Protein chains: 2
Amino acid sequence: MNLEQIAKLSGVSRSTVSRVINNSPQVSEATREKVLQVVRRVNYEPNAAARRLAAGRANVIGLVIPTGVSTLFADPYFSILIQGVLSACNLRSYSVMLWLAEPEQERQQFRTMLHCGLLEGVITASMLSNDTLIQTLAESQLPYVLVGRDPTRSTISYVDVDNISGAREAVRHLLRLGRRRIVTITGPQSMLAGVDRLAGYTAALRERGLLPDQDFIVESDFSEAGGYLAMRQLLPRQPDAVFAASDVMALGALRAIREAGLRVPENIAVVGFDDLPQSTRTDPPLTTIRQPIQRTGAMAVEMLIELIEYPNGIPHRVVLPTELVVRTSCGSSLKN
Amino acid sequence: MNLEQIAKLSGVSRSTVSRVINNSPQVSEATREKVLQVVRRVNYEPNAAARRLAAGRANVIGLVIPTGVSTLFADPYFSILIQGVLSACNLRSYSVMLWLAEPEQERQQFRTMLHCGLLEGVITASMLSNDTLIQTLAESQLPYVLVGRDPTRSTISYVDVDNISGAREAVRHLLRLGRRRIVTITGPQSMLAGVDRLAGYTAALRERGLLPDQDFIVESDFSEAGGYLAMRQLLPRQPDAVFAASDVMALGALRAIREAGLRVPENIAVVGFDDLPQSTRTDPPLTTIRQPIQRTGAMAVEMLIELIEYPNGIPHRVVLPTELVVRTSCGSSLKN
DNA sequence: CTGAAAGCGCTTACAG
DNA sequence: CTGAAAGCGCTTACAG
């Protein structure tokens with residue numbers, strides 16, 4: 001069923017049908033109704049490929065998550081982000097093409113995807129800072145928005161979460177509770193979220209005149225296993241608290257602490273970052289920094305659609321706030 | 001950059017360029033080389049929308065996961081399945097459009113997506129048995145394959161996992177270890193995986209001449225919280241073992257058991273189903289039935305592509321095997 | 001082996 | 001307000 005046939009059935013020209021489909025104001029009410037009736041009766045659905053070709057629009061965007069197999073499996077962060085992007089797209093009648101960037105050899109596929117003429121814009125998440133993917137993206141001339149800021153480029157739109165403040169809040173909380181030997185398990189320092197959360201940790205200590213001790217900082221990879229290993233490495237420092245830069249790593253830390261026969265929060269207080277759904281059910285329930293993951297995804301969609309619709313608009317940068325969620329993994333100040 | 005321009009640059013016609021792009025054998029080696037050089041030099045990428053329009057192919061399929069927001073968040077099963085589908089598609093140079101079926105009102109969007117002319121085929125997962133979505137899919141005339149069988153339709157392709165045998169294996173293991181008061185937390189009985197795994201439980205008991213007790217069976221929803229609640233409900237039955245129809249529910253069961261002050265496996269043995277990555281790290285590590293989730297996704301892709309390429313091929317049904325993975329949540333037979 | 005031409009299903013100036 | 005026509009970037013009989 002195509003335009004031509006609808007036209008025939010409703011006794012007008014193809015152009016007119018096209019106009020009513022696209023809600024053009026320059027159609028008489030009478031014709032509009034007549035055509036709409038046929039459209040509804042035959043359940044007509046315009047062909048997106050043809051539309052894309054003729055008019056450039058097809059309402060499809062790409063979502064690229066450049067992470068190896070393992071991380072995506074392990075971190076609910078991505079599921080939630082994807083969910084946020086997808087529901088926002090549903091609301092706006094956009095479809096999304098999902099692409100997971102696997103190792104280097106796949107970069108050619110990324111180019112192909114960008115240049116194949118199906119996508120009107122792209123959202124990318126979880127980039128390494130200064131990822132070559134971004135370069136490729138920029139060259140494609142497609143509108144795009146980053147999830148996570150990129151300090152090396154000033155002219156692009158991104159939505160990020162306030163990682164520095166969030167991490168600082170986490171460590172301030174620990175300090176308020178009287179903890180002083182606060183170690184941290186960081187995210188990869190090749191990712192800006194990893195860098196920023198470490199910066200927040202450092203800032204909170206400095207505010208109190210404390211000097212961050214290099215031995216108190218172990219770099220990890222946002223995975224449970226990584227958090228576990230890092231915590232084992234930190235245990236000999238005899239910490240009384242740990243700030244893990246993600247809830248999943250905090251989970252690993254909890255496991256390492258338990259294995260060492262120590263107790264949370266009595267011996268070691270634990271704060272995470274993310275506030276994943278399951279963090280209410282860890283043992284003990286995790287005190288953490290909530291970031292609005294789903295909203296981040298939705299915001300990225302809104303920004304991208306704006307960029308698509310107004311190509312000359314200025315780029316926006318949005319930084320979403322975080323929030324300290326106190327549960328029991330740090331104890332309360334009364335006890336200390 | 002389009003065909004026309006490549007043609008001009010290489011001094012041949014558009015038709016010829018198209019032929020070399022599509023690897024047609026009817027082109028002389030000399031021309032092919034000449035054209036290919038230009039193609040590579042300018043980094044030409046054919047326009048998929050135009051291709052789709054002209055020839056019907058664009059190498060894009062849809063993946064629809066009809067589950068509410070909550071489940072997708074909570075169950076890594078879906079992340080892994082998506083991963084499997086995406087990597088298989090990457091290998092075959094297909095792109096995938098991901099669509100999450102939210103509540104009923106969204107069904108119209110599903111139709112739109114199917115009929116918009118971008119998709120060449122569809123994979124759907126985790127359907128309710130006899131879901132109306134399948135009806136819509138069938139009407140669309142698109143090739144599709146189901147993840148999970150549908151007993152009500154005999155002419156469609158699906159890939160499923162042997163849920164019945166898997167569940168039976170799980171319960172046999174418990175029986176071998178001497179457990180006799182074996183309860184089960186089932187998946188939703190509106191989903192075939194839920195039904196099949198319960199059937200496996202029942203079958204294993206029957207083999208031993210045991211009668212499945214209705215009080216020993218609680219229906220749940222594949223979520224952690226659901227597993228927790230179900231286990232609390234089952235605890236008064238004084239079970240010495242529980243078969244949870246998914247690892248995520250087993251996690252909830254572990255939590256309920258721990259809260260009740262009981263020990264795993266001493267008081268209650270626990271078996272799950274899935275073998276998620278994190279099931280090696282539960283406390284205690286979970287004995288479970290491994291199902292090849294990623295392979296399921298990849299297989300669905302292969303089957304769908306075959307259906308797309310050979311529209312008159314016969315539908316295939318593939319049932320992938322499961323495997324018992326013994327860790328420590330059931331103890332060993334020596335202890336019993 | 002190669003090219004000219006028709007056609008895929010739309011949109012959108014242009015003319016009336 | 002409406003229609004005829006050109007065009008988006010490809011593919012593919014058809015003719016040579």
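Chain naming here is simple, since letters A, B, ... match the order of the sequence lines and numbering starts at 1 in each. From a predicted model like this one, the values you see are computed outputs, not experimental measurements.
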Given the rule in the side-chain contact (heavy atoms from CB on, under 4.5 Å) test, do Ser95(A) and Leu118(B) qualify, once you have shown the distances and angles that lead to the verdict? CA-CA 10 Å; Ser95(A) 304; Leu118(B) 245 30; 6.0 Å; no
Spacing of CG belonging to Asn23(A) relative to CZ belonging to Arg32(A), to within rounding of 0.5 Å: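 Interatomic distance, Asn23(A) CG to Arg32(A) CZ, rounded to 0.5 Å: 6.0 Å.
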So, taking the atom named CD in Glu29(B) and the one named NZ in Lys34(B), what distance separates them when rounded to the nearest 0.5 Å?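 Nearest 0.5 Å value for the CD-NZ distance: 12.5 Å.
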Take atom [atom1] of [X] and atom [atom2] of [N], then tell me their distance rounded to the nearest Å.
X         : N       : atom1 : atom2 : answer
Leu118(A) : dG9(D)  : CG    : C1'   : 13 Å
Asn59(A)  : dC10(C) : CG    : P     : 15 Å
Glu33(B)  : dC1(C)  : CD    : P     : 15 Å
Glu4(A)   : dG3(D)  : CD    : P     : 12 Å
Lys34(B)  : dC1(C)  : NZ    : C1'   : 12 Å
Arg14(B)  : dG7(D)  : CZ    : P     : 12 Å
Asn22(B)  : dC10(D) : CG    : P     : 11 Å
Lys8(B)   : dG9(D)  : NZ    : C1'   : 14 Å

Closest-nucleotide mapping onto DNA chain C: is Gln26(A) or Leu3(A) further toward the 5' terminus? I mean the 5' end.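 The residue mapped nearer the 5' terminus is Leu3(A).
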On DNA chain C, compare the nucleotides closest to Gly11(B) and Ala50(B); which residue's is nearer the 5' end?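 First, find each residue's nearest nucleotide; the 5'-ward one identifies Gly11(B).
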Measure the shortest side-chain to side-chain distance between Asp160(B) and Val318(B) over non-hydrogen atoms and say whether it is less than 4.5 angstrom.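 No, too far: nothing below the 4.5 Å cut-off.
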Given Watson-Crick and G-U pairs under 3.5 Å, DNA chain D in dot-bracket ([ ] crossing, | other strand) is |||.||||||||.|||
With rounding to whole Å, what would you report as the distance between [N] and [M] at their [atom1] atoms?
N       : M       : atom1 : value
dT2(C)  : dA6(C)  : P     : 23 Å
dC14(D) : dC10(D) : P     : 24 Å
dA5(C)  : dC1(C)  : P     : 23 Å

So Arg52(B), base contact, sugar-phosphate only, or nothing? Heavy-atom distance under 4.0 Å.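 Contact class for Arg52(B): none.
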When you measure from the side-chain N and O atoms of [X] to the phosphate of [N], is any distance below 4.0 Å, counting only OP1 and OP2?
X        : N       : value
Arg57(A) : dT12(C) : yes
Thr16(A) : dG3(D)  : yes
Asn2(B)  : dC8(D)  : no
Ser15(A) : dG3(D)  : no
Ser18(A) : dT11(C) : yes
Arg51(A) : dG9(C)  : no
Tyr44(B) : dG9(D)  : no

Minimum-distance nucleotide to Leu53(B) side chain [options: dG9(D), dT12(C), dT12(D)]: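 So the side chain of Leu53(B) is nearest to dG9(D).
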Tyr94(B): partners by ring-ring contact (aromatic ring centres under 6.0 Å, His included), with sequence neighbours left out: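 Partners of Tyr94(B) under the ring-ring contact (aromatic ring centres under 6.0 Å, His included) test: none.
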Any side-chain donor near an acceptor of the partner, Ser15(A) and Ser18(A), under 3.5 Å: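 Short answer, no.
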Counting only distance, no hydrogens or angles, is the base of dG3(C) paired donor-acceptor with the side chain of Arg19(B) under 3.5 Å?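 Between dG3(C) and Arg19(B), which were checked side chain against base, a qualifying N/O pair under 3.5 Å is present.
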Short question: side chain of Thr132(A), backbone of Gln135(A) - any donor-acceptor pair under 3.5 Å?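 The answer is no, because no donor-acceptor pair under 3.5 Å joins these two groups.
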5′-ward residue of the pair Thr31(A)/Val17(B) relative to DNA chain D: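 Upstream on the strand: Thr31(A).
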Which pairs of donor and acceptor atoms, one on a side chain in residues 304-313 of chain B, lie under 3.5 Å apart (sequence neighbours left out)?
none

